[in-house]
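Remarks on the structure that follows.
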Amino acid sequence: MKIVTNVELAQLLRKVAAAYQILDENRFKIIAYERVADSIEHLTSEAKDLWDDGKLNEIPGIGEGISHYLDELFRSGTVKHFDDLFKRVPEAVFPLLLVPGLGPKKAYRLVKEFGFRGSKTVISDLEKAAKAGKIAPIEGFGEKSEEGILSSIALYKKGAVKENRMELPIADSIAKAVITYLNNLREVERIDVLGSLRRMVSTIGDIDLAVATKYSDRVVAHFVKYPHEKIIDEGPQGATLLLHNGRQVDLRVQDPATYGAMLQYFTGSKNHNIALRELALSRGLSLNEYGIKKVSKSKVKSQKSIKCDTEEAFYNTIGLPWIPPELREDKGEIEAALHGRLPKPIEPGDIKGDLHIHTNYDLETSHDLGADPLAVHLDRAEKLRYEYIGISDHNPSVTKHTVSQIVGIMKRRKEYYDRQAHGKPVHVFVLCEVDIQPDGTLALPTEAFAYVDAAVVSIHSSFTLAKPVTTKRVIAALTAHPKVRIFGHPTGRLLTKREGVELDWKEVFAVCKKRDIALEINALPQRLDLPDTIVYDARKEGIRFCINTDSHAVSHMDMMRYGVSVARRGWCEKRDVVNTMVYNEFKHWLIR
DNA sequence: GCCGTTTTCGGCCCGACTGTTTTCAGTCG
């Protein structure tokens with residue numbers, strides 16, 4: 001297999017780690033490979049591109065050894081050392097690692113015991129063995145292991161296991177339902193959503209909740225009575241349920257006196273927590289979910305731990321200010337906190353307008369119209385306390401009209417919106433979302449630009465062109481007309497469905513910077529486009545953003561907060577986002 | 001195998017739960 005993408009690369013490195021684990025290699029070597037796999041997964045750019053630029057060593061966790069192997073990989077397509085390693089482990093082991101509860105050691109024992117061959121059939125072979133009662137007698141296994149393997153395989157087959165992530169609103173609504181249920185219990189003092197949902201990651205794996213209570217047993221007992229498919233875990237500190245919808249909910253309970261440590265621990269991210277614990281250790285402190293202990297030379301000095309009832313207290317005890325959850329990804333936030341350089345992330349209330357709204361006005365586009373008229377959107381905008389909105393209908397179809405027909409449509413539309421908007425408390429900008437055609441030209445004739453205040457340009461077709469071609473295409477579009485002010489949903493990704501286009505972001509950033517074009521942060525939960533990692537990179541280059549909902553119905557206008565959370569994860573402050581400007585300033589920025 | 005405001009050697013985040021065990025290894029988050 002030719003390794004190209006970060007996902008494949010991370011898989012390869014995890015496979016190396018698993019093989020080393022089976023061969024009882026030094027466990028820190030194993031951790032080293034897992035760490036690199038992890039940081040490659042979290043990379044904003046392709047590792048291959050970094051290698052091209054000779055910057056492989058900038059990836060955290062990559063040193064001389066792994067760098068040398070990856071060099072061989074990118075050069076020749078294979079790594080002899082890895083191939084030799086894999087020869088020492090039966091191929092059938094690796095598919096078993098996808099079954100929950102099976103790690104390298106157990107998977108290896110099973111493969112060796114039964115002599116499984118062929119990675120394609122191994123899971124069904126194992127299922128047969130379990131059903132025949134052949135696993136329980138193996139040393140180290142037992143009745144329960146056999147049952148566990150069977151139910152894990154069933155889950156695996158249902159697809160409920162790996163990479164089955166959900167969009168934010170779905171996670172929100174599941175969390176809300178469970179919280180409502182738990183709040184019926186008097187013993188619950190406080191409930192919080194933690195984990196990736198609190199950090200507002202673009203897709204959510206499972207729901208993490210924490211409860212502050214003095215009666216943990218009662219809360220856990222109540223929780224496991226919530227309608228479920230299966231209890232995955234249960235203990236005095238919490239429990240994990242698999243719901244009927246295939247989603248997992250993880251609950252932790254904790255005494256209010258130490259709740260701050262729990263909030264911090266269970267919010268993650270894992271990498272943030274690891275980095276935080278390493279920092280704490282260097283200062284003679286050991287962190288866990290119950291509090292902070294003083295240590296010396298990896299020995300606990302006193303058994304008494306410092307209790308923190310709030311997260312602020314927890315961070316302060318380590319000597320740091322509180323870090324907003326969206327920043328906790330080990331992307332330099334701890335360093336920034338140490339030096340008092342944490343950003344003050346943008347808040348939903350900073351948004352003064354939404355510039356990407358589709359109404360039901362029919363301008364004979366080949367794309368979707370919105371469902372609601374301008375007036376309805378204006379009412380909503382007023383309730384949201386916006387000063388202005390922008391109507392960004394799709395351009396009229398270019399194949400079904402002549403240039404003069406399009407100019408006519410755009411002129412009539414402009415006049416219509418101007419009449420409708422007259423005298424309203426919320427200002428209306430008449431924009432247009434213009435297709436970036438495969439050759440980089442815009443799907444709106446130059447003459448028609450006279451009837452728009454500005455244009456949002458977006459890709460809606462040919463998503464899979466080669467990177468240099470797409471880059472050229474986008475740059476051509478961004479520079480095609482001075483009224484191009486916003487680059488709409490720049491990657492074109494649809495979460496869990498479609499990968500975004502490949503772009504040379506450095507080049508795109510440079511053009512945006514020069515022409516002061518804003519990159520859209522599309523707040524639609526299926527998009528969340530730009531991805532937060534690219535927002536982070538772009539912001540460092542001084543690029544500004546416009547957070548829009550891309551509403552096709554008035555209810556979509558309430559999704560703005562998801563876009564704001566992407567900006568927060570990208571370390572954006574108010575000043576990094578153009579639609580936080582007051583009307584006059586914004587108008588001055590927008591209209592060229 | 002990585003890495004350095006104590007270090008180029010000697011460390012490497014922390015704990016819960018499970019199952020099969022009489023003290024622990026494996027897996028997970």
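We name chains A, B, ... by the order of the sequence lines, and we start the count at 1 in each one.
The side chain of A/D233 has B/dC17 as its nearest neighbour among B/dG26, B/dG1, B/dC17. Of all nucleotides listed (B/dT27, B/dC17, B/dC2), B/dC2 comes nearest to the side chain of A/I66. Ranking B/dT18, B/dT20, B/dC2 by closeness to the A/K144 side chain, first place goes to B/dT20. Here B/dG15 is the nucleotide among B/dG15, B/dC14, B/dG1 with the atom lying nearest to any side-chain atom of A/Y290. For A/Y33, the side-chain atoms get nearest to B/dG1 when compared with the rest of B/dC12, B/dG1, B/dT18. With B/dC13, B/dC14, B/dG26 as the candidates, the nucleotide lying closest to the side chain of A/K106 is B/dG26. Considering only the side chain of A/E289, B/dA16 comes nearest among B/dC2, B/dA16, B/dC13. Here B/dC17 is the nucleotide among B/dG1, B/dC17, B/dC13 with the atom lying nearest to any side-chain atom of A/Q237.
Spacing between atom CD1 of A/I149 and atom C1' of B/dT20 amounts to 13 Å, rounded to whole angstrom units. In this structure, the CD atom of A/E278 is 15 Å from the C1' atom of B/dG10, given to the nearest Å. In this entry the distance linking CG of A/N271 with C1' of B/dG29 reads 12 Å, nearest Å. Between A/L102 atom CG and B/dC28 atom P there is a gap of 8 Å when expressed in whole angstrom units. Atom CG of A/D206 and atom P of B/dG29 are 7 Å apart (whole Å). Rounded to whole Å, atom P of B/dC14 lies 13 Å from atom CD of A/Q264. For the pair A/E34 CD and B/dC28 P, the interatomic distance rounds to 11 Å; values are reported in whole Å. Per the geometry, CE belonging to A/M262 stands 9 Å off P belonging to B/dA16, to the nearest Å.
Salt bridge absent: A/D49 and A/K55 never bring a charged side-chain N and a carboxylate O closer than 4.0 Å.
Taking only side-chain nitrogens and oxygens, A/Y69 never comes nearer than 4.0 Å to OP1 or OP2 of B/dC2. Between A/N273 and B/dC13 there is no side-chain N or O to OP1 or OP2 distance below 4.0 Å. Residue A/R283 has no polar side-chain atom (N or O) positioned under 4.0 Å from OP1 or OP2 of B/dT6. OP1 or OP2 of B/dG15 has at least one side-chain nitrogen or oxygen of A/K293 nearer than 4.0 Å. Contact annotation: A/S286 reaches the phosphate of B/dC14 (side-chain N/O to OP1 or OP2, under 4.0 Å).
Remark: A/K134 is not positioned above the aromatic ring of A/F114, lacking an NZ or CZ atom under 6.0 angstrom from the ring centre and at most 45 degrees off the axis.
Both A/Q21 and A/A136 lie near DNA chain B, and the one whose nearest nucleotide falls closer to the 5' end is A/A136. Nearest-nucleotide positions on DNA chain B for A/E139 and A/K270 put A/K270 closer to the 5' end.
Taking the C1' atoms as reference points, B/dA16 lies 29 Å from B/dG10, given to the whole Å. Using P as the reference atom, B/dC3 and B/dC13 are 13 Å apart when rounded to the nearest Å. Nucleotides B/dT20 and B/dC14 have their P atoms positioned 30 Å apart, rounded to a whole Å. B/dT18 sits 16 Å from B/dT22 when the C1' atoms are compared, rounded to a whole Å. Comparing B/dC17 with B/dT23, their P atoms sit 22 Å apart, to the nearest whole Å. If you take atom C1' in B/dT6 and the same atom in B/dG11, they sit 13 Å apart, rounded to whole Å. Rounded to a whole angstrom, the distance from the C1' atom of B/dT7 to that of B/dC12 is 13 Å.
Between the side chains of A/D192 and A/Y259, a donor-acceptor pair is found at a separation under 3.5 Å. Side chains of A/H272 and A/E329: a donor-acceptor N/O pair is absent below 3.5 angstrom, by distance only.
Considering A/L524, A/L528, A/L168 in turn, A/L528 is the only one that fulfils the side-chain contact (heavy atoms from CB on, under 4.5 Å) rule with A/L495.
Among the heavy atoms of the strands, none lies under 4.0 Å from A/R27. The residue A/I31 sits apart from the nucleic acid: no heavy atom pair falls under 4.0 Å. Within 4.0 Å (heavy atoms only), A/F266 reaches no atom of the nucleic acid at all. In this structure, A/I274 reaches the bases: a heavy-atom distance under 4.0 Å links it to at least one base atom across the strands shown. Using a 4.0 Å heavy-atom distance criterion, A/L287 is classed as a sugar-phosphate-only contact.
Under the Watson-Crick or G-U wobble criterion, with both distances below 3.5 Å, B/dC14 is paired with B/dG29.
At most 12 non-hydrogen atoms from other residues, nucleotides or ligands lie less than 6.0 angstrom from NZ of A/K307. Atom CZ of A/R27 sits in a sparse spot, with 12 or fewer heavy atoms from other residues, nucleotides or ligands closer than 6.0 Å. Remark: A/E143 CD is loosely packed, at most 12 non-hydrogen atoms of other residues, nucleotides or ligands lying under 6.0 Å away.
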